[in-house]
Amino acid sequence: MDRYLVFGHPVRHSKSPFIHTLFARQTQQELEYGLAEPAIDEFAHALRTFFDQGGKGCNVTVPFKEQAFTLVDRLSPRAKRAGAVNTIKLTDDGVLLGDNTDGAGLVADLKSHGVTLADSRILLLGAGGAARGALAPLLAELPSELVIANRTHAKAQQLAAEFCDLGHVTAQTYEQLAGPFDLVINSTSASLQGELPPLAPALIHTDIAIYDMMYGASDTAFVGWAKRQGARQTMDGLGMLVEQAAEAFTVWRGIRPGTKQVLRELKRNLGVI
């Protein structure tokens, strides 16, 4: 049976085995999917060992995505742009192909919620790896402008400069931000600590769409805050998790699984519904 893993540290909380088991059942694919939590300095050895022992593919999560970028034999165009790898496939000719499905998962989830990206004005909070992975897929949807805001303004400026060839991308400090925005995406991990980006409440209006890449059994700190400011459409990153997994499954197996039922099952598993 074909073997797949997710590498991370920590990774015991990962929902990837749950999701991919449902995908395999749905598409009648014979595979098993497990967890691997090597020490930080042992990832390269663990990755090589997994594929030497017959592994077919893997997902890579924090903190190994940038390291995986340097360890594969070939990179997909979107992995090159993201500067990180979250999906690796052993090809038929024995090459380790590194891909990044995070941005595609984000865009697919936004569209599933009916969010219009073309000609929209998007505010992206954060300038780390999650933001980098999202930029190219978001810009491919041809928004009118994408503004990056980050606590360290220089990082936002650098990111905007790297992606300016793909569309209208600018960097602003939190103090410089002026609305209206159609969509605000929080790519920071602030919600994991129950914290908020320093975003002015005046930027939130009833018709804005709010998206937090983090997720939990209840509203994230950012989603809860946005609701209190009057935002009517708020979303967390649970759908992105499922959609990026579906993209990875497609890379590995050549068949795209449906996501709606899997997302419902995942919500039940988390106690969301």
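Scope of the values below: all heavy atoms of this structure, side chains included, with no hydrogens, waters or symmetry mates. Sequence positions, counted from 1, serve as the residue numbers for this chain.
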*Asks:* Step through the shown structure and confirm whether more than 12 heavy atoms of other residues, nucleotides or ligands are within 6.0 Å of NZ on K56.
*Replies:* no

*Asks:* For residues 117-130, which residue pairs qualify under side chain to side chain donor-acceptor pair (under 3.5 Å), counting only residues two or more places apart or in two chains?
*Replies:* R121-E145

*Asks:* For H45, does the NE2 atom sit with more than 12 other heavy atoms under 6.0 Å from it, leaving out its own atoms?
*Replies:* no

*Asks:* Could you work out, with side-chain hydrogen bond (donor to acceptor under 3.5 Å, both in side chains) as the rule, every residue matching D99, not counting sequence neighbours?
*Replies:* S76, R78

*Asks:* Please tell me if the side chains of S187 and L124 come closer than 4.5 Å, counting only heavy atoms from C-beta onward.
*Replies:* yes

*Asks:* With a cut-off of 6.0 Å (strictly less than), are more than 12 heavy atoms of other residues, nucleotides or ligands near CG of D93?
*Replies:* yes

*Asks:* Report yes if some heavy atom in the side chain of V184 is under 4.5 Å from a heavy atom in the side chain of F222; otherwise report no.
*Replies:* yes

*Asks:* Is R81 paired with E162 through a side-chain N to carboxylate O contact shorter than 4.0 Å?
*Replies:* no

*Asks:* Taking K155's backbone N and O only, do any of them form a donor-acceptor pair with T152's side chain (distance below 3.5 Å, no angle check)?
*Replies:* no

*Asks:* Apply ring pair (Phe, Tyr, Trp, His ring centres under 6.0 Å) to F64 and list each qualifying residue two or more places apart in sequence or on a separate chain.
*Replies:* F43

*Asks:* Could you tell me whether the side chain of T116 and the main chain of A118 form a donor-acceptor pair under 3.5 Å?
*Replies:* no

*Asks:* If we ignore hydrogens and angles and just use 3.5 Å, is the side chain of T21 paired with the main-chain N or O of F18 as donor and acceptor?
*Replies:* no

*Asks:* More than 12 foreign heavy atoms under 6.0 Å from CD of Q28: is that the case here?
*Replies:* no

